[in-house]
Colleague: 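Once you've had a glance at the structure underneath, I'll fire off some questions.
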Amino acid sequence: MSSSRPPPPPPPPPLLPLRSLNIHPDFSSREWCTRLLSDPGIANVVVPTDSAARAARLAGVSNSMFTETLNTPRTVRAQVSFNRPTHESDALASTGPGDGSGDGEANTSPSTSTADEYRRHTPREYCSLFSLGPGLDGKTGRAHGGFNALLLDQLTGHVGVVFGGSSAPATATMTVDYRAPISTPGVVLGRAWAVERSGRKTWVKGVIEDGEGKALAAAKALFVDPKPVTPEGSCVGDDAKAKSKL
C-alpha cells in the first residue's frame, strides 16, 4: 500500500540577467560583495536611494532617515538591497503573490505564476549591503550601538512590510544581542527573515554580518500592522468597543 505524498515545490525558474545598476565602488571593489551580487539565486536588486522618490509616492512612506538624513559620505555611504532563498531553519515562507520585495526590481525571475509559486514555497531572507562611514561612530572606528539597533529595525521592518501587507507596521518590541563591534569605515551585510505570523503581528529575526559571515549584532522583533480602516474612516472594531461601553 503506497502512502500519498504532497507534490514537491516546482523548480526555480531561470533568472533574468542583472541590469546595470548604480553599484557603489565600496561594493564593486570588494570580492565578497561582487560574489554575493552575482549569485543567480538573488532577486529584486535595488539601490534604495535611487528608487526612494517613487517608493515614497507609492507607499506614502518617505523612509527619510535612510534616504536623506543618513545618506551622506560619512554615514551610510551606500546601500544595495535584494532577497534570496534562506537556509535559516525557522524562516517562514511568504504566502502573498510573488516575493513582496516591491519597487525597483532589477535581477528578478520572469513575472509568471511559476515564479510566484516557487517563491511561495521557498522561505526567503531580505538582505542589504551597507557601506558605513566614520560619522556613525561611538568610539572611534566603531559604529554607535544605537545605530546597530537602528539598522536592525530597518532590516526587520522591511520584512514586516512584506509579510504584513502594510506600508508602515509599528515596531512593538525588539531585542538586540550585541556580539562584536561594527568597524567603520567598512561594509556589512544585513539579513532578516520572518519566523511567525499571527493576525496583525509578524515576528522577524535579523542579523548584521561582516564579509566573513561573522555575526556582529542580531535581533528579534515584533511588528504590528495598523488596524483596517472602514470607508467611514474609523478603525475596524472601534464601533463595537464604543457600543460595549454604553
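Along the sequence shown, residues are numbered consecutively beginning with 1. Quick note: numbers below take in every heavy atom, side chains included, and nothing from hydrogens, waters or symmetry partners.
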Colleague: Answer yes if Trp32 and Phe82 sit in the same cluster of Ile, Leu, Val, Met, Phe, Trp and Tyr residues linked by side chain heavy atoms under 4.5 Å apart, and no otherwise.
Modeller: yes
Colleague: How many angstroms lie between atom CG of Leu216 and atom CG of Asp177, to the nearest 0.5 angstrom?
Modeller: 11.0 Å
Colleague: Would you call Val76 and Asn71 a side-chain contact if the rule is heavy atoms closer than 4.5 Å?
Modeller: no
Colleague: To the nearest 0.5 Å, how far apart are CZ in Arg77 and CZ in Phe27?
Modeller: 9.5 Å
Colleague: What's the separation between atom CG in Leu189 and atom CD1 in Ile208, rounded to the nearest 0.5 Å?
Modeller: 9.5 Å
Colleague: Do Pro169 and Phe163 come within less than 4.5 Å of each other through their side chains, counting heavy atoms only?
Modeller: no
Colleague: Would you say that Ile23 contacts Leu37 through its side chain, given a criterion of any heavy-atom pair below 4.5 Å between the two side chains?
Modeller: yes
Colleague: At their closest point, which heavy atom of Ala194 faces which heavy atom of Val159, and how far apart are they?
Modeller: N-CG1, 3.6 Å
Colleague: Is there a path of hydrophobic side-chain contacts, each under 4.5 Å between heavy atoms, that joins Leu155 and Ile182?
Modeller: yes
Colleague: About how many Å separate CD of Gln79 and OG of Ser131, when rounded to the nearest 0.5 Å?
Modeller: 11.0 Å
Colleague: Tell me the closest heavy-atom pair linking Pro48 and Ser81, and the distance in Å.
Modeller: CG-OG, 3.6 Å
Colleague: In Å and rounded to the nearest 0.5 Å, what is the CD to CZ distance from Glu88 to Arg124?
Modeller: 14.5 Å
Colleague: With a 4.5 Å limit on heavy-atom distance, are the side chains of Phe130 and Asp26 in contact?
Modeller: no
Colleague: When you compare the side chain of Lys201 with that of Leu222, does any pair of heavy atoms fall below 4.5 Å?
Modeller: yes
Colleague: So if I apply the side chain to side chain donor-acceptor pair (under 3.5 Å) rule between Trp193 and each of Asp90, Thr86, Asn83, which one comes out positive?
Modeller: Asp90
Colleague: With heavy-atom distances below 4.5 Å as the criterion, would you say the side chains of Val187 and Arg30 are in contact?
Modeller: yes
Colleague: Less than 4.5 Å apart, side chain to side chain, heavy atoms only: is that true for Lys214 and Glu209?
Modeller: no
Colleague: Which distance, rounded to the nearest 0.5 Å, do you find between the OG of Ser183 and the CG of Leu132?
Modeller: 10.0 Å
Colleague: Locate the shortest heavy-atom distance separating Ala143 from Thr184; write the atom from each residue and the value.
Modeller: N-CG2, 3.9 Å
Colleague: Count the heavy atoms of every other residue, nucleotide or ligand shown that sit under 6.0 Å from NE2 of His144, and state whether that count exceeds 12.
Modeller: no
Colleague: Is Val204 reachable from Val224 through a run of I, L, V, M, F, W or Y residues, each pair having side-chain heavy atoms under 4.5 Å apart?
Modeller: no
Colleague: Passes side chain to side chain contact (heavy atoms under 4.5 Å, CB included), Phe223 versus Thr173? Steps please.
Modeller: CA-CA 7 Å; Phe223 293 89; Thr173 63; over 6 Å; no
Colleague: Just by distance, do the side chain of Ser38 and the backbone of Arg35 share a donor-acceptor pair under 3.5 Å?
Modeller: no
Colleague: Is a side-chain donor or acceptor of Thr72 paired with a backbone partner of Arg74 at a separation under 3.5 angstrom?
Modeller: yes
Colleague: Please report the shortest heavy-atom distance between Thr202 and Arg197, naming the atom on each side.
Modeller: OG1-NH1, 2.5 Å
Colleague: Search all heavy atoms of Tyr178 against all heavy atoms of Gly145 and return the closest pair with its distance.
Modeller: OH-O, 2.9 Å
Colleague: Could you state whether Val161 and Met65 fall into the same hydrophobic cluster, counting links through intermediate Ile, Leu, Val, Met, Phe, Trp or Tyr residues with side-chain heavy atoms under 4.5 angstrom apart?
Modeller: no
Colleague: When you compare the side chain of Gln154 with that of Asn63, does any pair of heavy atoms fall below 4.5 Å?
Modeller: yes
Colleague: What heavy-atom pair brings Val176 and Ala149 nearest, and what distance separates the two atoms?
Modeller: CG2-CB, 4.1 Å
Colleague: If only atom types and distance count, is the side chain of Thr75 paired as donor or acceptor with the main-chain N or O of Leu70 below 3.5 Å?
Modeller: yes
Colleague: Please say yes or no: joined through hydrophobic side-chain contacts below 4.5 Å, possibly via intermediate residues, are Val188 and Leu150 part of one cluster?
Modeller: yes
Colleague: Tyr126 side chain to Arg191 main-chain N or O, any donor-acceptor pair under 3.5 Å?
Modeller: no
